[in-house]
There are 2 protein chains.
Amino acid sequence: MKTGRLLPASLLFNPRCRFASLAASIINKFTSMPEKMAKSIADIARIVGVSESTVSRALNDNPLIAEKTRHKIQQVAREHNFKINAKARALRTQKTNVIAVVVLFKERTERGISDPFLLDILGAIADELTLHGYDMLLSNTRTASDDWRDYYFDSKRADGLIVIGQGEHDVRIDRLATQDLPFAVWGATLPDSQYCTVGSDNKMGAYLAVTHLLNQGCEHIAFFGDIAHSEMEQRWQGYCLALQQAGKDIDESLRFATDFTSESGYSSANRMLKQQPLKVDGLFAVSDVIALGAMKKLVESEIAIPGDIAVVGFDDVAMSMFCHPSLTTIRQQTMEGGKLLVNKVLDKLAGKPARSQVLDVQLIVRESSRKAH
Amino acid sequence: MKTGRLLPASLLFNPRCRFASLAASIINKFTSMPEKMAKSIADIARIVGVSESTVSRALNDNPLIAEKTRHKIQQVAREHNFKINAKARALRTQKTNVIAVVVLFKERTERGISDPFLLDILGAIADELTLHGYDMLLSNTRTASDDWRDYYFDSKRADGLIVIGQGEHDVRIDRLATQDLPFAVWGATLPDSQYCTVGSDNKMGAYLAVTHLLNQGCEHIAFFGDIAHSEMEQRWQGYCLALQQAGKDIDESLRFATDFTSESGYSSANRMLKQQPLKVDGLFAVSDVIALGAMKKLVESEIAIPGDIAVVGFDDVAMSMFCHPSLTTIRQQTMEGGKLLVNKVLDKLAGKPARSQVLDVQLIVRESSRKAH
DNA sequence: GAATCTTTTGCAATCGATTGCAATAGTTTT
DNA sequence: AAAACTATTGCAATCGATTGCAAAAGATTC
């Protein structure tokens with residue numbers, strides 16, 4: 001079948017050599033590579049004795065191919081451990097089967113993101129993509145081009161895009177929206193935004209949290225968070241709504257701009273405690289991580305939680321149950337959210353319209369807010 | 001230049017139509033797509049009036065092409081917002097410029113991984129890959145095939161692979177190793193392993209932690225962790241070494257099998273506290289997350305930290321500084337680790353040998369272990 | 001057995017970029 | 001001005017899979 005004649009090395013190793021596959025098979029004899037390996041449809045075609053088109057169709061379960069032939073081909077492919085070359089297929093079909101995921105954060109806090117919330121949602125997205133046979137291309141904000149359209153779509157790296165977080169109303173998202181590209185965003189649904197979002201009912205969440213604090217008897221409730229973030233702005237509205245409904249005025253001096261880190265929560269608490277006289281007896285933080293940082297400062301300052309100040313966070317990260325005192329918080333449906341994001345993007349890819357969706361939140365009462373009566 | 005004649009719709013929308021690009025340009029007139037868009041090298045070639053090969057070389061800064069021509073071509077490409085089709089290039093060059101990252105965890109604890117440590121290292125890897133012009137394909141353990149070789153290499157999805165965690169000595173890693181594929185693993189360097197690992201000096205870390213506890217006057221130190229994990233096994237060795245060096249016997253009943261979750265840390269602490277009489281006065285947990293769960297239980301049981309029991313963790317996650325009491329821990333060089341993992345894989349890809357590397361760790365003393373004197 | 005209709009298979013073009021080799025243009029030498 | 005180089009550019013094959021159309025094989029009918 002194949003000549004055993006030796007070929008000059010130059011020929012053997014010249015990648016453009018016409019006998020490359022022959023050469024490869026010779027090399028194989030000298031290495032431990034398994035003998036049975038087919039790297040292209042052409043190889044399978046040769047082995048089975050049919051054309052490449054037949055193999056391609058058979059592997060795709062195309063009913064055009066007789067069942068007998070199909071089984072034969074599939075079996076040979078299996079025996080030879082053959083796997084379709086994803087790149088070649090992508091080139092031909094113009095579909096990559098990849099969804100890119102971009103995690104968007106404010107520059108200040110970008111470095112060393114370690115909010116567990118993020119990992120939860122990324123995990124959910126990964127699972128759901130796998131389920132649909134898609135791969136996930138992950139990138140941090142600093143990826144190459146600042147223009148995602150260039151990077152992912154124009155260069156055919158991905159079929160769709162999922163953006164986590166809107167930052168401070170990032171213009172790049174709006175730019176994408178004007179171009180009718182398949183993408184979805186985790187974050188706040190803004191009345192004027194033209195793109196598909198999935199996110200929690202932030203206003204309701206904050207409303208629940210603050211109302212709960214009021215019910216516990218809090219009179220002066222601080223707000224820790226940066227309302228330049230759309231999601232946090234909605235939480236601020238929920239905060240205001242709850243207060244107004246209780247007939248209270250909004251005291252802007254109780255709002256402390258805070259990044260998404262414990263450090264920031266800690267220092268905001270520090271600033272807060274410097275107010276003389278300290279009138280705050282309740283604290284709502286826009287994330288658990290912030291709340292935990294703040295609690296640290298409170299405990300250090302020998303302020304009782306919830307006795308002196310009751311605390312409520314947002315996210316329900318795993319840790320919030322295990323800190324002391326355990327943290328009352330608003331639970332977001334992260335798993336559901338990740339799943340929905342994927343489905344929205346795939347819907348768009350399929351040409352179906354995808355509507356924004358707001359997820360319900362839930363108040364989880366724990367020790368940090370339960371005042372004794 | 002182009003005829004303005006109308007073409008029948010069937011022709012217009014037949015993707016195999018020879019006039020596809022013309023058709024596309026007509027369609028463009030009826031949509032809001034920017035006029036200036038070139039989707040292939042051929043388009044640019046036509047516009048500039050040179051051959052495709054010249055364009056390809058010019059865009060790759062090949063010195064064969066005269067500088068004048070090169071600049072001209074590059075400028076046109078820029079004007080038309082042209083981006084190389086990554087898939088086509090990958091097909092031709094047989095290089096994908098993608099590195100796959102697999103996060104490997106034990107099945108029991110796989111769901112809802114939210115260990116911040118992971119996100120840290122993933123972030124570092126993402127940064128470093130970006131720096132080198134690579135994309136990162138992320139997947140959870142449940143990805144399609146169980147055989148990564150098939151999935152990533154044979155199907156040409158990625159050039160290299162990074163595995164985070166070794167699980168309980170996963171056979172899949174060994175299988176990869178026998179096949180001389182470019183990959184690197186975060187985890188323990190085992191004396192008999194044939195593959196390249198990057199990881200912390202686990203034994204030294206545990207040794208430092210336990211020695212520190214001994215210095216604080218602890219007599220009976222518990223160990224929280226699952227030594228079926230290679231990394232944790234090394235930490236157990238460090239634990240034993242420190243005790244032996246202090247002339248103490250190893251008491252196996254002080255080792256509590258614990259998963260990587262706060263829940264598990266909490267319940268292990270619960271088991272520990274049931275021992276009668278309670279003799280433990282020091283606790284070393286193989287991860288901060290576990291330590292935090294355990295501390296929760298201790299605090300609930302009104303056991304003073306560090307007064308009654310001093311606690312040391314491992315990882316130095318962001319939260320450990322902000323819990324109360326703040327957690328003494330062993331800091332791992334996660335950033336450096338991620339960077340090294342990437343470099344090892346790229347070295348292997350370049351045919352260079354890549355040696356395993358062990359990273360130094362550092363004891364960070366905080367409140368949870370600082371006994372009053 | 002010839003004619004007609006199905007069922008299967010194969011041919012060849014295509015997706016977009018790269019590259020060895022050959023051809024052309026441009027420069028220098030004699 | 002012819003010869004001998006060198007600097008640029010183009011031709012055409014290639015990577016591996018897909019698919020419209022045509023051809024071949026098989027089944028059915030008359």
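This structure is a prediction, so every number in the text was calculated from the model and none was measured. All chains are named by letter (A, B, ...) in the order of the sequence lines, taking the proteins before the strands, and each is independently numbered beginning at 1.
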Open item on the list: Expressed as a whole number of angstroms, how long is the span from F82(B):CZ to dG16(C):C1'?
Closed with: 8 Å
Open item on the list: By nearest atom, which of the nucleotides dT19(C), dT9(C), dG16(D) is closest to the I65(A) side chain?
Closed with: dT9(C)
Open item on the list: I'd like to know if the side chain of Q194(B) pairs up with that of D174(B) as donor and acceptor (distance under 3.5 Å, no hydrogens or angles considered).
Closed with: no
TODO: Check the distance between dG16(D)'s P and D43(A)'s CG and give it to me in whole angstrom.
DONE: 8 Å
TODO: Answer with yes or no whether the side chains of D135(A) and Y152(B) bring together a donor and an acceptor at under 3.5 Å.
DONE: no
Task: Which nucleotide in dT8(C), dT19(C), dG16(D) has an atom nearest any side-chain atom of S56(B) - done: dT19(C)
TODO: For S56(B) and S53(B), test the side chains for any donor-to-acceptor distance below 3.5 angstrom and give the result as yes or no.
DONE: no
- [ ] State whether K87(B) places a side-chain N or O below 4.0 Å from either non-bridging phosphate oxygen (OP1 or OP2) of dC15(C).
- [x] no
Task: Q75(B) and H71(B): side chain donor to acceptor below 3.5 Å - done: no
Open item on the list: Side chain of R92(B), heavy atoms from C-beta onward: which of dA13(D), dT8(C), dT8(D) has the nearest atom to it?
Closed with: dA13(D)
Task: Distance-only donor-acceptor test (3.5 Å): side chain S53(A), base dC11(C) - done: yes
- [ ] Nearest whole angstrom, please: distance from the C1' of dT9(D) to the CZ of R70(B).
- [x] 14 Å
- [ ] For dG16(D), take OP1 and OP2 only and decide whether either is under 4.0 Å from a side-chain N or O of Q94(B).
- [x] yes
Open item on the list: So V55(A), base contact, sugar-phosphate only, or nothing? Heavy-atom distance under 4.0 Å.
Closed with: nothing
Task: Comparing T93(A) and A88(B) on DNA chain D - which has the more 5′ nearest nucleotide - done: A88(B)
Task: Candidates dT9(D), dT18(C), dG10(D) - which lies nearest the side chain of I84(B) - done: dT18(C)
- [ ] Select one nucleotide: of dT8(C), dG10(C), dA17(D), the one nearest the side-chain heavy atoms of N85(A).
- [x] dA17(D)
- [ ] Figure out the CZ/C1' separation between R46(B) and dG10(D), and round it to whole Å.
- [x] 16 Å
Open item on the list: When you compare the side chains of Q357(A) and K344(A), does any donor N or O come within less than 3.5 Å of an acceptor on the partner?
Closed with: yes
Task: Distance, rounded to the nearest Å, where L59(B) contributes CG and dA17(C) contributes P - done: 9 Å
Open item on the list: It should be established whether S51(A) places a side-chain nitrogen or oxygen under 4.0 Å from OP1 or OP2 of nucleotide dG10(C).
Closed with: yes
Task: Pair N60(A)-R89(A), side-chain donor/acceptor within less than 3.5 Å - done: yes
- [ ] Assess whether one donor atom and one acceptor atom, taken from the side chain of R57(A) and the base of dG20(D), lie less than 3.5 Å apart.
- [x] yes
Task: K68(B) NZ - dA7(D) P separation (whole Å) - done: 18 Å
TODO: Please tell me which of G49(A) and K83(B) maps to the more 5' nucleotide of DNA chain C, matching each residue to the nucleotide holding its nearest heavy atom.
DONE: G49(A)
Open item on the list: I need the CG-C1' distance between L91(A) and dT19(D), as an integer number of Å.
Closed with: 14 Å
- [ ] Could you state the atom-to-atom distance from CD1 of I41(B) to C1' of dT18(C) in whole Å?
- [x] 8 Å
